[in-house]
Chemist: 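Let me give you the structure first, and then I'll get to my questions.
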Amino acid sequence: MTVRSDSVGGQPRASKDGWYTRAPEEVVAAFGVDPAVGLSAARAAELLAAHGPNSLPEEKRTPAWRRFLKQYRSYMQIVLVVAAIVSLLIKEWTTGILLIVLTLLNAVVGLRQEGKAESAMNALQSMMKATARVRRDGTEAEIPAEQLVVGDIVLIAAGDQVAADGRIIEASALQIDESALTGESVPAAKDTATLPDPRPAPGDQTNMAFMNTPVTHGSGVLVVTATGAGTEVGKISGMLSATEKEVPPLTKELDTLTLWITGAAGLTMIVMFALGRERDQAWDVLFVSAVSLAIAAIPEALPTVTQAILSVGSLNLAKRNAIVKELPSVETLAFTSAINSDKTGTLTMNQMTAVEVVSPTDRYTVSGTGYGLDGKIHHAAGSSAGIEDAILPYVVASDARLVDGEVVGDPTEGALLVLAHKAGLDIDTTREGFPRLATLPFDPGYKLMATFNSAVDASGRQVVRCFVKGAVPAVAARAATALAAGETIPWDAELVARVEAQTERMGGEGRRVMAAATRDLDPLGFDPAGDLLAYVTELRMTSLVGMVDPPREEAKAAVAGAQAGHIRVRMVTGDDVTTGAAIARQLGIPGEAVLGTDFAAMSEEEQLARIDGIGVVGRVAPEHKVLLANTLKKRGEVVAMTGDGVNDSPAIKAADIGIAMGSGTDVAKNAGRMILSDDNFATIVYAVEQGRRIYDNLTKYIRFVLLLLVTFVLTFLGATVFNIAAGEPFTPPQVLWIHFVVNASFGFALGFDRESPGLMRRRPRPRGESVLTRPVLVTVGIGGLAMTVILLGLIKLGQAHFDNVATGQSIAFTAFALCLIVAAFECRSETDSVLTTSTFDSKQMNWVALAQFVLAVLVTQMDGFRRILGTTQIDARQFGWALLAAVALLLLWELGKLLVRRSRDT
């Protein structure tokens, strides 16, 4: 490849195919740096001054006063503020002050919730506090990572954190854990070989190292090719800043509801003023009536009740390890129709497990999962007396340790040690029996590891035994014989074919396959300081072992539960599609498996057409995950995205409900709206179920409050048109009593109601579907009109019989409270009758209904209530009229439900 000589701002620019397509000598030549010397201090200072520090841009924090004022952008807050100002202007001091206090309460609650989530970009910035070992002016020095510049020569070793993106120019058994960036479940092996692929995903860039990834094994040298915002992590930071969080569905619903009610109230006010002036009513009287209507039409208690319901819901979820950071996310869960789940650690245990051992003549299956030492080895086929010789190389050629049931070291080696423990081998004793003389560490070039140990052969002769483990092709290519039932057999074509077939079979089942072998050497001809790889020939292969990151036991049931609730689960993984597809089959996730790059290469039309048939997306980059979420959203889905790594954070933020793992990075946690403290997919399904219950209860309350608001608006409009009670059927204190005592009480009762039967068998609400459905509008329309006729009729009746409008208003006020008791029970279901025993299965509803009935009596009988509310005392016969009104509403509502049920049956 031709090296481009042009530059950007004094820095060499990679060709469009990237630095990974260039040889190490070309890369250092492009930067004009000698790897043995490094940059000069002067040149480094010049580059640092020109291009800034190796850090990510911090998100500018919004001042507290501006975040407070932001809480007044909602339509509800604006209407409440306007009503409060008008109340103060006409000297309705109590009403005005109460409304202002209410807006402050709503703002404080909203600000508190917003303050719980720190910026994901700033969490990325906090990961940058590190140092780096560099060569400058021919000497090694340790400098703050922020001072790294492009062209720096950086030395890395096990335990270090890579401080910037760079092309690897030297590598010795180098492995880097890139799981937070790529989603790979095992450390990535690194080398210096040039890559021919012009567009490899980050997980396939084996000659590159990336910022904020820890070195787990070996050592290396790299030349820095990108710093700060130009790194892979920096690109993710840019994606985070460019991704806007979705407004929760319920927030949109409440805004829409507020606009409709405000519009209706506004029209009613216009009619009131027009008719009032025509009747020569005074301006101050009209203003008082208008304020009464405004207070009546505004659901003042709705934000508070909603916040309380969501808060209790979030506390219940937290008890089950689902921590909700933003309250509206609780109801967003109810709409979830698609879950894009990370594989490693969420659907699987994130613990490699050996599940099968195959020797030339025997096959063994292994029970148990993860690093737990419980489990047994079952001899499934063959004639060998034991498995010990077949797996011995996995124990000796290993640097990992088991400490109190935990793996210290490489996770793959740890899984092999667990296998040995299940086979009955004492690991420490076994290793002590083969003192190590030399080690050939694993290298991506030859894809194996070997140790050379003192041993005694079958004849009692002292030998140097070479123990080897590694990739099957690498070990098989160096084999000359094999161990079968304790005997050495030739490595013939039949055995080669058998090994290849077993490897292909296990690979197709999503297993990672490794091979083991041994060789005995003459101690006199062995040089521990010589070319150790040259001794790794003419091996005797002992076994193949198949390993897998097993699915969580509860994940399969959870996937089935989600699908029963019409929620589509997809696996999104950094692993290859073969492994992903195999795990998906075990979990019951349907659909084809595709590469992230292949999905991204499709046209938008093809993506939308094929997305329903895709169940697994493998080798995904961060932009692929965002693309998948956005494609599903275009299809009308409400998307949940789970993940734990930095690479997951843009998609977590882009999803309707981003879910981070408790064991994941702070970046992912801060980008998400919910955190799973147990990293368990089953918890997601439980959270969705609870979200549906909470939202279903909220819709019950919204139906109730909508009926209340329609009744208020129609009653004030009717009173104005027919000149009843001078256009003011209820006073401001009476209106506030209905809102905060009656409405709020039933709001809490409905919000904490029992779960409706069959809730998880329903289909999720489609994106954009309004809670104001046709049945709801018909119900509240007819119910509100009926209540309006009843209330205005009672006011007129009281005025006609007693020549006193106040008595009629008191009877109507009592009837209103009693009718709302009926409405609360009827709003629990759109179709089910309340004339059953199940109507009284909620203790909260029963107690609130009893309390409201008692209060409906007391508001006209106790002097204190009469002074506050402006009511008059009514007798038993007048109370009977109010009670009769509630019974009439009950019969009318039940008749409507009966007709609906019969129409659905036919």
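Note: hydrogens, waters and symmetry copies are ignored here, and every other heavy atom, side chains too, is used. Just so it is clear, the structure is predicted and the values come from calculations on it, not from any experiment.
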Chemist: Residues in salt bridge (Lys or Arg N to Asp or Glu O under 4.0 Å) with R167, at least two apart?
Modeler: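 So R167 forms no salt bridge (Lys or Arg N to Asp or Glu O under 4.0 Å) with any residue.
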Chemist: Please list, chain by chain and in numerical order, all residues satisfying salt bridge (Lys or Arg N to Asp or Glu O under 4.0 Å) with E554, sequence neighbours excluded.
Modeler: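 E554: salt bridge (Lys or Arg N to Asp or Glu O under 4.0 Å) contacts with R552.
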Chemist: Check side chain to side chain contact (heavy atoms under 4.5 Å, CB included) between A651 and all other residues, then give those that pass, not counting sequence neighbours.
Modeler: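 A651 satisfies side chain to side chain contact (heavy atoms under 4.5 Å, CB included) with K625, V626, M641 once adjacent residues are dropped.
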Chemist: Cut-off 3.5 Å, side chains only: do S337 and E637 have a donor facing an acceptor?
Modeler: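 The criterion, which ignores hydrogens and geometry beyond distance, is satisfied for E637 and S337.
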Chemist: Just to verify, what does D165 make a side-chain hydrogen bond (donor to acceptor under 3.5 Å, both in side chains) with, not counting sequence neighbours?
Modeler: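 For D165, no residue satisfies side-chain hydrogen bond (donor to acceptor under 3.5 Å, both in side chains) once neighbours in sequence are set aside.
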Chemist: Should T573 and V620 count as side-chain neighbours, where that means a heavy-atom distance under 4.5 Å?
Modeler: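 Not touching, per the 4.5 Å side-chain cut-off.
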Chemist: Sequence neighbours excluded, which residues qualify as side-chain hydrogen bond (donor to acceptor under 3.5 Å, both in side chains) partners of T831?
Modeler: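 Result, side-chain hydrogen bond (donor to acceptor under 3.5 Å, both in side chains) vs T831: none returned.
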Chemist: Residues in side chain to side chain contact (heavy atoms under 4.5 Å, CB included) with A581, at least two apart?
Modeler: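 Only R585, A593 meet the side chain to side chain contact (heavy atoms under 4.5 Å, CB included) criterion with A581.
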Chemist: My understanding is that only residues two or more places apart in sequence, or in another chain, count here; which of them pass side-chain hydrogen bond (donor to acceptor under 3.5 Å, both in side chains) with E592?
Modeler: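 Testing E592 for side-chain hydrogen bond (donor to acceptor under 3.5 Å, both in side chains), a comparison that skips the adjacent residues, returns R610.
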Chemist: Checking T683 now: which residues fulfil side-chain hydrogen bond (donor to acceptor under 3.5 Å, both in side chains) with it, not counting sequence neighbours?
Modeler: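 Only D678 meet the side-chain hydrogen bond (donor to acceptor under 3.5 Å, both in side chains) criterion with T683.
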Chemist: Suppose we screen for side chain to side chain contact (heavy atoms under 4.5 Å, CB included). Which residues come up paired with A601, at least two apart in sequence or across chains?
Modeler: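 Side chain to side chain contact (heavy atoms under 4.5 Å, CB included) list for A601, sorted by chain: empty.
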Chemist: Mind checking what makes salt bridge (Lys or Arg N to Asp or Glu O under 4.0 Å) contact with E509, not counting sequence neighbours?
Modeler: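 Expected list: R505, R511.
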Chemist: In chain order, what residues pass the side chain to side chain contact (heavy atoms under 4.5 Å, CB included) check against P473, with sequence neighbours excluded?
Modeler: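 With neighbours one apart ignored, the set is A471.
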Chemist: Sequence neighbours left out, what passes salt bridge (Lys or Arg N to Asp or Glu O under 4.0 Å) with E232? Give chain and number order.
Modeler: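 Counting only residues at least two positions away or on another chain, E232 forms a salt bridge (Lys or Arg N to Asp or Glu O under 4.0 Å) with K235.
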